[in-house]
Amino acid sequence: LALIEVGLDFTEEGLKEIEQGHILQLLNGIQDDLVEVFNRAVKYRVLKDGVRVALVGKPNVGKSSLLNHLLDRNRAIVDANPGTTRDTIEETIDLNGLPVTFVDTAGIHKSQDPIENQGISRAQNEIREADLVLVIIDASLPLIQDDYFILNSIPHERVCMVLNKSDLEIMAQIQPHKTQYEYKSIYTSALNGAGIDALKRLIFESVISDDIIFESDVLMNSRHHEQLLLAQNKLAQAVHIMTIDEGSEVAAIEIRDVAVHLGSIIGLDIGDQVLDLVFSQFCIGK
């Protein structure tokens, strides 16, 4: 954040603007560090308390049908008309000894319906709370901006892309310039149940790995968990902004929020510390 502030506010001092690539490299490093901290603290909790998996996506991509297949029973109402699910639906199953709570959410899109918007707001809350997010995409259609918005708004390490309706002609294809990550992905069909067992295995393997740390020096309560997730989300947005070259001044807003969320965990208010860092490390006003 200090490096960006130097480039934005002190160019008249003769300082060269810090290269955007260097800032992006630093942000990626911070992102990796946050993932490691989160994983170390969360793995034992997941084994003990289970995992929360959110099903999200645009309307009418088959989220509720997939939920019914994952539960092996008809729990969610399924209808051809988009927007049938307006509230979250939760159900827990035992997946090879791991408690997994699936949360079906309302389709995320722009809507003028106040009731539907409440469901969309709850879907966004579930994205923040989930340990793993299944982003459901209609494989029979090309990806649109709404798909990329959902993908880019979630830290990539918590995303599994589910290409549903694979019984139809497959047209969905990621455009590399619209997202910087490769996602774990799987093809499914809510019509005939194809890929459901493979999806269950992917969910299990995404949570349980061979390097599970049962003892951790990082303890996380619910408030820490929430603040770290918020920091990761804001950092993902900042990285995306820098990657598509929307401007470091826009990214700085997200980065400051990252610092605020992390500071709240360790009891640090960044306040004027950014400016103090600028003046201590750069020859300004001398």
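Fair warning: this is a prediction, and the values are worked out from it, not measured in the lab.
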Point to revise | Nearest heavy atoms of His69 and Gly193, plus distance in Å | key: CE1-CA, 3.7 Å
Revision key, fill the gap. Exactly one of Leu98, Leu199, Val100 clears side-chain contact (heavy atoms from CB on, under 4.5 Å) with Phe204, and that residue is Leu98
Point to revise | Heavy-atom donor-acceptor pair, Asn28 side chain to Gln25 backbone, under 3.5 Å | key: no
Check your understanding: If two hydrophobic side chains count as joined below 4.5 Å and joins carry through other members, does Ile93 share a cluster with Ile89?
Key -> yes
Review point. What are the two closest heavy atoms between Pro155 and Asn233, and how far apart are they?
Key: CD-OD1, 2.8 Å
Check your understanding: Under the side-chain contact (heavy atoms from CB on, under 4.5 Å) criterion, do Gln175 and Leu143 qualify, and how do the steps go?
Key -> CA-CA 8 Å; Gln175 298 180 40; Leu143 270 70; 5.9 Å; no
Point to revise | Cluster check Leu230, Ile154: I/L/V/M/F/W/Y, side chain < 4.5 angstrom | key: no
**Study point:** Side-chain hydrophobic cluster, 4.5 Å single linkage: members besides Ile241
**Key:** Val250
Practice item. Evaluate the side-chain proximity of Arg256 to Lys234: yes if any heavy-atom separation is below 4.5 Å, no if none is. Key: no
Exercise for review: For Asp72, look at atom CG and say whether over 12 heavy atoms of other residues, nucleotides or ligands are found less than 6.0 Å away.
Suggested key: no
Point to revise | Any donor-acceptor N/O pair, Lys184 side chain to Arg158 backbone, under 3.5 Å | key: no
Check your understanding: Going by distance alone, is a donor N or O of one side chain under 3.5 Å from an acceptor N or O of the other, for Glu126 and Thr105?
Key -> no
Check your understanding: With side chains defined as the heavy atoms from C-beta onward, is the minimum distance between Ile255 and Leu27 less than 4.5 Å?
Key -> yes
**Study point:** Value rounded to 0.5 Å, distance of CG in Leu66 from CG in Asn164
**Key:** 4.0 Å
**Study point:** Rounded distance (nearest 0.5 Å) linking atom CG of Leu70 with atom CG of Asp197
**Key:** 9.5 Å
Check your understanding: In Å and rounded to the nearest 0.5 Å, what is the CG to CD1 distance from Asp131 to Ile203?
Key -> 12.0 Å
Exercise for review: Test Lys165 against Asp138 for salt bridge (charged side-chain N to carboxylate O under 4.0 Å, His left out), laying out the working first.
Suggested key: CA-CA 6 Å; Lys165 303 188 182 182; Asp138 187 340; 3.4 Å; yes
Review point. Are Tyr187 and Leu141 linked, directly or through other ILVMFWY residues, by side chains that come within less than 4.5 angstrom of each other?
Key: no
Review point. Linking I/L/V/M/F/W/Y whenever any side-chain heavy atoms sit under 4.5 Å apart, do Met242 and Leu235 land together?
Key: yes
Review point. How would you list, by chain and number, every residue that makes a side chain to side chain donor-acceptor pair (under 3.5 Å) with His240, sequence neighbours excluded?
Key: none
Check your understanding: What's the spacing between Thr179 OG1 and Met161 CE if we round to 0.5 Å?
Key -> 8.5 Å
Check your understanding: So do Leu228 and Leu262 actually touch side chain to side chain, heavy atoms under 4.5 Å?
Key -> yes
Practice item. Look up atom CD in Glu157 and atom CD in Gln31, then write down how far apart they are to the nearest 0.5 Å. Key: 6.5 Å
Review point. For Asn192, which residues count as a side-chain contact (heavy atoms from CB on, under 4.5 Å) partner, sequence neighbours excluded?
Key: Asp167, Ser189, Ala194
Review point. Quick one: do Val258 and Phe38 end up in the same hydrophobic cluster if we chain Ile, Leu, Val, Met, Phe, Trp and Tyr together by side-chain heavy atoms under 4.5 Å apart?
Key: yes
Review point. Are any non-hydrogen side-chain atoms of Glu90 and Val103 less than 4.5 angstrom apart?
Key: yes
Exercise for review: Report yes if some heavy atom in the side chain of Tyr183 is under 4.5 Å from a heavy atom in the side chain of Val135; otherwise report no.
Suggested key: no
Study note, to complete from the structure: Closest non-hydrogen contact found for Glu129 with His225 is O-CE1, 4.1 Å
Check your understanding: What's the spacing between Ile186 CD1 and Ile196 CD1 if we round to 0.5 Å?
Key -> 8.5 Å
Point to revise | Any Tyr148 side-chain heavy atom under 4.5 Å of Ile174 side chain | key: yes
**Study point:** Nearest heavy atoms of Ile4 and Ala252, plus distance in Å
**Key:** CG2-CB, 3.9 Å
Check your understanding: Would Val61 and Val162 count as a side-chain contact (heavy atoms from CB on, under 4.5 Å) if you check the C-alpha gap in whole Å, the side-chain angles of each, and the deciding distance to 0.1 Å?
Key -> CA-CA 10 Å; Val61 293; Val162 181; over 6 Å; no
Practice item. Take Leu26 and His22 through the test side-chain contact (heavy atoms from CB on, under 4.5 Å) and record every step on the way to the result. Key: CA-CA 6 Å; Leu26 292 175; His22 177 59; 3.7 Å; yes
Review point. How close do Pro142 and Asp147 get, heavy atom to heavy atom, and via which atoms?
Key: O-OD2, 4.4 Å
Study note, to complete from the structure: Residues Ala130 and Ala54: closest non-hydrogen pair is CB-CB, 3.8 Å
Practice item. For the pair Tyr181 and His156, name the ring-plane relationship: parallel under 30°, tilted 30 to 60°, perpendicular over 60°. Key: parallel
